[in-house]
2 protein chains.
Amino acid sequence: MIEESSLIDFGAEKRFYAKEEYIFKQDQPALFYFQIASGEVKMNNYQPDGKEFIQAIFSAPRSFGEPPLFADIVYPANAIAIKNSLIWRLPKSAFYELLRQKPDTHLRVSQAIAKRLHYKALMAAELAQQSPENRILKILDYLKQEVNNITTPFGYKTDLTRQNIADLTGLRVETVIRTLKELEQKNEVKIINRKVYR
Amino acid sequence: MIEESSLIDFGAEKRFYAKEEYIFKQDQPALFYFQIASGEVKMNNYQPDGKEFIQAIFSAPRSFGEPPLFADIVYPANAIAIKNSLIWRLPKSAFYELLRQKPDTHLRVSQAIAKRLHYKALMAAELAQQSPENRILKILDYLKQEVNNITTPFGYKTDLTRQNIADLTGLRVETVIRTLKELEQKNEVKIINRKVYR
DNA sequence: ACTAATTTATGACTGTAATCATAAGTGTTT
DNA sequence: AAACACTTATGATTACAGTCATAAATTAGT
């Protein structure tokens, strides 16, 4: 995450993206550094059969889509606003110049990427293993601890729908619904009028 | 990947790791930057049921285990030498000093992490989806194109065993064996005396 | 050269998540 | 208030990867 003052200094513009609007698409090369000022963004893939896989959900003040700025690769997923959002957009060349002039910022960007890689590695191991219970708990715990910094038991109320959880874990809605009920039996989650607490 | 001259300048030591030896373990904090001089290293997790999941396999001159050097996180997986290996080991503080003094190197390290994240994102989408065929082809194509830079059809002969592929994809050996045979039928891979070509 | 260990292979059976069908509850829009 | 879309829910059935058992082929170790 880069300070707004720096973003402005280096010529970033704050753009509005309507809900459902694409910010970039899979397989495109990267032209900008993006950072959320307000709103929410998801990164996803659509599988051959049309099923969605959500790579991540980001909110302010997080940046996203940096990897292809660094390496000679294309976006591995789409980025789509899931709420009306304001997003800083800094051209690639200016981003490089900013990194060059501000080593601390470069370090923070590296940190952000490192954390994302860490999460992906954990999720990959979880996804490879089959158990729906573990997949779901991993996602919930990640959002609870890493994103929302909550430690109290059942202190995290997710605003993900069952379908969202399915798309994040690669499961089906019905499986998520059934597994969540089993997890409630086992006292791993609480469900209070349909809302999931962890 | 950092030039050996720089590594030496900043006090790195080249250590020998015997086959099967641990270089670091999951959940430990990072103390060193590692770079392979010779040999081969795998990063893996062991699931509760004892099943192995291989996060990645690295060979010279690649570095590994950088993310926890940057962010306040622990290793998400073990690193184990799978051949007798010589590995550069640079203390964390010296690594930071090196990055500070050599911005180009910092950029290259960022690039390496970015690429790894890219791969993880692709694999996560593939793992979430169930099809064994796609999981296996994704791994083979990744190794073929990204690691070995081969483009000719069936020009890549993998040295992974069926079990390796199983551990990389989260499948079972039997499933890998059967799926590879189906893939051969479909002319997606060639199998010449048990070796897999892609 | 011989033994042991690993890798590849195949068949039979099982368990579980996906799939399909249907519906009730909740929220949003006009 | 009605219409519509979305979300949650449940039951029945199916498909398919996992599991278990066993063995042949290959490689590594002494």
Side-chain angles (χ1 to χ4, degrees), chain A residues 18-20 42 47-54 82-84 126-140 157-186 189-197, chain B residues 18-20 40 42 47-54 57 82-84 126-140 157-186 189-197:
Chain A
K19 189 177 173 178
E20 303 301 322
K42 73 176 170 188
Q47 329 247 193
D49 62 357
K51 188 160 175 288
E52 179 178 16
F53 177 68
I54 300 180
I82 50 179
K83 294 181 183 166
N84 287 340
E126 219 57 41
L127 289 174
Q129 172 200 11
Q130 300 298 17
S131 151
E133 293 200 358
N134 288 318
R135 293 195 192 192
I136 292 174
L137 288 180
K138 199 81 183 182
I139 278 287
L140 292 178
K157 174 190 178 185
T158 189
D159 53 355
L160 297 173
T161 64
R162 310 292 195 265
Q163 183 63 58
N164 285 156
I165 297 175
D167 293 339
L168 282 159
T169 53
L171 299 168
R172 301 286 147 162
V173 210
E174 299 94 323
T175 304
V176 170
I177 290 170
R178 286 164 182 149
T179 306
L180 278 174
K181 295 199 163 158
E182 287 165 28
L183 287 171
E184 198 194 14
Q185 298 293 316
K186 295 180 180 172
V189 301
K190 282 208 190 310
I191 301 180
I192 300 171
N193 68 38
R194 300 180 152 201
K195 297 293 173 193
V196 178
Y197 293 77
Chain B
K19 189 178 172 179
E20 302 301 323
E40 214 163 88
K42 74 176 169 188
Q47 328 249 192
D49 63 355
K51 188 161 177 285
E52 179 179 15
F53 176 68
I54 299 180
I57 294 179
I82 51 180
K83 293 182 183 166
N84 287 339
E126 220 57 42
L127 289 174
Q129 173 201 12
Q130 301 299 18
S131 149
E133 294 200 357
N134 289 317
R135 294 193 190 193
I136 293 173
L137 288 180
K138 198 80 183 184
I139 278 286
L140 292 178
K157 174 190 179 186
T158 190
D159 53 356
L160 297 173
T161 65
R162 311 290 195 267
Q163 184 63 59
N164 286 156
I165 297 175
D167 293 339
L168 282 160
T169 52
L171 299 168
R172 302 286 148 162
V173 209
E174 298 95 324
T175 304
V176 170
I177 290 168
R178 287 165 182 148
T179 306
L180 278 173
K181 293 197 165 159
E182 287 165 29
L183 287 171
E184 197 193 14
Q185 298 293 316
K186 295 180 180 173
V189 302
K190 282 209 189 310
I191 301 179
I192 301 171
N193 69 37
R194 303 182 148 202
K195 296 293 173 194
V196 178
Y197 293 78

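In what follows, every heavy atom counts, from backbone to side chain, and hydrogens, waters and symmetry copies are set aside. In the text below, chain A, chain B and the rest are named by the order of the sequence lines, each starting its count at 1.
If you measure from atom CG of A/Asn164 to atom P of D/dC6, you get 13 Å, rounded to the nearest angstrom. In this structure, B/Arg172 places its CZ atom 16 Å from C1' of C/dC13, rounding to the nearest Å. Distance CD (A/Gln163) to C1' (D/dA9): 14 Å, rounded to an integer number of Å. Going from atom CG of B/Asp167 over to atom C1' of C/dT7 covers 13 Å, rounded to whole Å. We find that CD of A/Gln129 is positioned 18 Å from P of D/dA17, with the value rounded to whole Å. Remark: P of D/dT7 and CZ of A/Arg162 are 11 Å apart, rounded to the nearest angstrom. Between the NZ atom of A/Lys195 and the P atom of D/dA9 there is a distance of 11 Å, rounded to whole Å. Atom CD in A/Glu133 sits roughly 11 Å away from atom P in C/dT16 (whole-Å rounding).
Put simply, the residue from B/Asn164, B/Thr169, B/Thr158 that forms a side chain to side chain contact (heavy atoms under 4.5 Å, CB included) with B/Ile139 is B/Thr169.
When the side-chain nitrogen and oxygen atoms of B/Arg194 are compared with OP1 and OP2 of C/dT7, none of them lie within a distance under 4.0 Å.
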Determine, stepwise, if the pair A/Lys138 / A/Gln129 fulfils side-chain contact (heavy atoms from CB on, under 4.5 Å). CA-CA 12 Å; A/Lys138 199 81 183 182; A/Gln129 172 200 11; over 6 Å; no
Begin from the C-alpha positions of B/Leu183 and B/Ile191 and carry the test side-chain contact (heavy atoms from CB on, under 4.5 Å) through to its verdict. CA-CA 10 Å; B/Leu183 287 171; B/Ile191 301 179; over 6 Å; no
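For the pair B/Gly170 and B/Lys19, both in contact range of DNA chain D, the more 5′-proximal nearest nucleotide belongs to B/Gly170. A residue-by-residue look at B/Ile191 and A/Ser131 shows that B/Ile191 has its nearest nucleotide of DNA chain C further toward the 5' end. Sequence order on DNA chain C of the closest nucleotides to B/Thr161 and B/Arg178 puts B/Thr161 first from the 5' end.
Comparing D/dT8, C/dA18, C/dC20 by their nearest atom to the side chain of A/Glu174 picks out C/dC20.
A/Leu171 places a side-chain heavy atom less than 4.5 Å from the side chain of A/Ile136.
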